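Take a look at the structure below.
Order of the sequence lines sets the chain letters (A, B, ...), proteins ahead of strands, with each chain counted from 1. Remember, it's a predicted structure, so these values are computed and weren't measured experimentally. Side chains included, hydrogens not; waters and symmetry mates left out as well; all remaining heavy atoms used.
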Protein chains: 2
Amino acid sequence: MNVMNASPRRKELTRLAAQLFVQEGFDRTTVRMLAQEMGIKSGSLFHHFRDKQEILAAVIEEGTQNALVIARRALDNGPSHPEARLRAMARAHLETLFADRNAHVVALFEWRRLAPDASAHLSHLRDAYEALWLGVIDDALAAGVIQGDRFLVSRFILGALNWTVRWYNPEGPQAPDDLADELVAMIMAGRGDQA
Amino acid sequence: MNVMNASPRRKELTRLAAQLFVQEGFDRTTVRMLAQEMGIKSGSLFHHFRDKQEILAAVIEEGTQNALVIARRALDNGPSHPEARLRAMARAHLETLFADRNAHVVALFEWRRLAPDASAHLSHLRDAYEALWLGVIDDALAAGVIQGDRFLVSRFILGALNWTVRWYNPEGPQAPDDLADELVAMIMAGRGDQA
DNA sequence: GAGGTAACCAAGCAAGCGCTAGTGTGAACG
DNA sequence: CGTTCACACTAGCGCTTGCTTGGTTACCTC
């Protein structure tokens with residue numbers, strides 16, 4: 001078994017697993033299906049991962065880590081005006097969501113299949129990510145750019161954004177950035193200044 | 001097997017199944033678990049349902065039917081102003097969502113486990129429901145109450161509303177109607193008139 | 001060229017899965 | 001009183017599941 005999470009082989013296997021988990025769902029995906037997709041036999045799979053659970057955890061960790069990196073970069077190199085930061089954050093969210101779509105779909109819809117210990121570890125990552133959002137939302141509230149309860153607003157926004165994986169088609173005419181801008185425009189309080 | 005969907009026994013079994021499906025997920029819920037929860041042996045289960053798939057379909061159909069009934073009632077007996085109709089629709093959505101919470105969580109997150117024929121049948125129900133939403137949204141757009149693309153708006157709203165099942169606690173201080181009103185207030189375009 | 005190691009394979013085990021077959025029982029009905 | 005029917009039971013079949021075991025290969029290092 002490979003202890004390092006960064007082994008290139010393991011990373012590739014994780015990517016393939018994410019794809020299958022999205023296609024079939026975690027429970028319906030058998031170790032034999034995973035092995036075949038990876039071009040190995042089912043027994044060999046357990047050289048790379050302790051058990052099936054660990055594959056799921058690896059997939060979700062990968063996606064969540066990337067989300068954190070991208071969001072932090074968007075805020076660090078990004079604009080300072082609260083409204084623009086809100087837009088940058090929404091854009092960053094959709095950017096990761098569709099760059100690592102498989103991993104994020106798994107994270108969103110198979111989270112409950114995680115064993116308790118893995119879930120606890122990954123919850124910290126997710127909390128760190130949501131903290132970034134709450135910071136941006138607090139600033140926007142303070143500046144009067146948006147209005148409402150901070151938790152309600154953040155959950156409505158994240159709900160609307162996360163739900164896009166259910167209907168958004170990247171081949172279509174709309175770019176992810178357009179979606180993000182439209183959503184932010186939609187929730188801007190009392191300022192009829194959208195395009 | 002019971003052909004009528006309205007047998008009271010079958011309805012009760014469907015309710016119990018919904019609960020288990022939410023707790024464990026459809027795939028992880030075995031027919032033996034279902035039977036035990038129902039106080040019978042696993043073999044007896046197939047007197048009521050042809051197979052496990054049919055139980056899933058029954059759960060989802062129940063929830064979706066109720067959603068349609070409640071939404072239609074809210075619109076028929078409801079207000080005529082576009083903004084008020086939007087609010088009524090959002091309230092109705094959350095009302096069903098938490099009245100039949102288990103059934104709706106299953107419908108939202110286990111839909112893909114449906115066999116193709118059951119899925120086709122139930123899609124019509126869901127489409128009818130979404131048509132109601134689009135009608136209300138079109139009126140609101142025409143009246144200038146909200147702005148944006150009709151599909152984008154509807155998907156953002158439904159995403160935000162559906163996502164509430166992930167975090168909303170009915171025991172908490174906030175009533176579902178408050179949530180609905182806050183969301184509608186949030187998306188009202190260029191009219192700083194929320195509470 | 002000996003030793004170590006990452007990667008893989010063949011074979012299979014124990015447990016659990018959905019579902020079936022055949023039977024029993026008590027209430028309802030003519 | 002005999003028939004029917006909804007409902008439940010026992011027993012188990014055939015298959016798949018996640019995972020283990022013991023051994024093989026190819027490459028790297030000193």
Would you kindly give the [atom1]-to-[atom2] distance between [X] and [N], to the nearest whole Å?
{"X": "A:Phe49", "N": "D:dC19", "atom1": "CZ", "atom2": "P", "value": "13 Å"}
{"X": "B:Asp27", "N": "C:dC17", "atom1": "CG", "atom2": "C1'", "value": "12 Å"}
{"X": "A:Phe46", "N": "D:dG22", "atom1": "CZ", "atom2": "P", "value": "17 Å"}
{"X": "A:Glu24", "N": "D:dG18", "atom1": "CD", "atom2": "P", "value": "12 Å"}
{"X": "B:Ile40", "N": "C:dG24", "atom1": "CD1", "atom2": "C1'", "value": "16 Å"}
{"X": "A:Ile55", "N": "D:dC19", "atom1": "CD1", "atom2": "P", "value": "8 Å"}
{"X": "A:His47", "N": "D:dG23", "atom1": "NE2", "atom2": "C1'", "value": "15 Å"}
{"X": "A:Leu34", "N": "D:dT17", "atom1": "CG", "atom2": "P", "value": "11 Å"}

Handout entry: Shortest side-chain distance from B:Thr30, nucleotide among C:dC8, C:dC17, D:dC19
Key = C:dC17
Handout entry: Flag for B:Asn162-B:His93: side-chain donor and acceptor within less than 3.5 Å
Key =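 There is such a pair between these side chains.
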Exercise for the section: Check the side chains of B:His124 and B:Tyr129 for a donor-acceptor pair under 3.5 angstrom, ignoring hydrogens and angles. Expected result: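 Their side chains do not contain a donor-acceptor pair, so the 3.5 Å distance test is not met.
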Practice task
Quick one: label B:Lys41 by what it contacts on the DNA or RNA (base, sugar-phosphate, nothing), any heavy atom closer than 4.0 Å.
Solution key: base
Problem - Residue closer to the 5' end of DNA chain C, B:Met33 versus A:Ser44 (nearest nucleotide) - result: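 It is A:Ser44 whose nearest nucleotide is closer to the 5' end.
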Practice task
Flag yes if more than 12 heavy atoms outside A:Gln174 fall under 6.0 Å of its CD atom; otherwise flag no.
Solution key: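 Atom CD in A:Gln174 is packed in, count exceeds 12.
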Problem - Pi-cation contact, B:Trp111 with A:Arg166 (under 6.0 Å, within 45°) - result: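 Not flagged: A:Arg166 not positioned over aromatic ring of B:Trp111.
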Exercise for the section: May I ask you to establish whether B:Lys52 and B:Phe46 are in a cation-pi arrangement, using a distance under 6.0 Å from NZ or CZ to the six-membered ring centre and at most 45° from the ring axis? Expected result: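 Geometry flag: not set, cation outside 6.0 Å or 45°.
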Handout entry: Below 4.0 Å: OP1/OP2 of C:dC8 and any side-chain N or O of A:Arg9
Key = yes
Problem - Contact under 4.0 Å: B:His48 side-chain N or O vs D:dA6 OP1/OP2 - result: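 The answer is no; no side-chain N or O of B:His48 sits under 4.0 Å from OP1 or OP2.
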Practice task
Mark yes or no for a side-chain to base donor-acceptor pair under 3.5 Å between A:Arg32 and D:dG18, with no hydrogen or angle criteria applied.
Solution key: yes
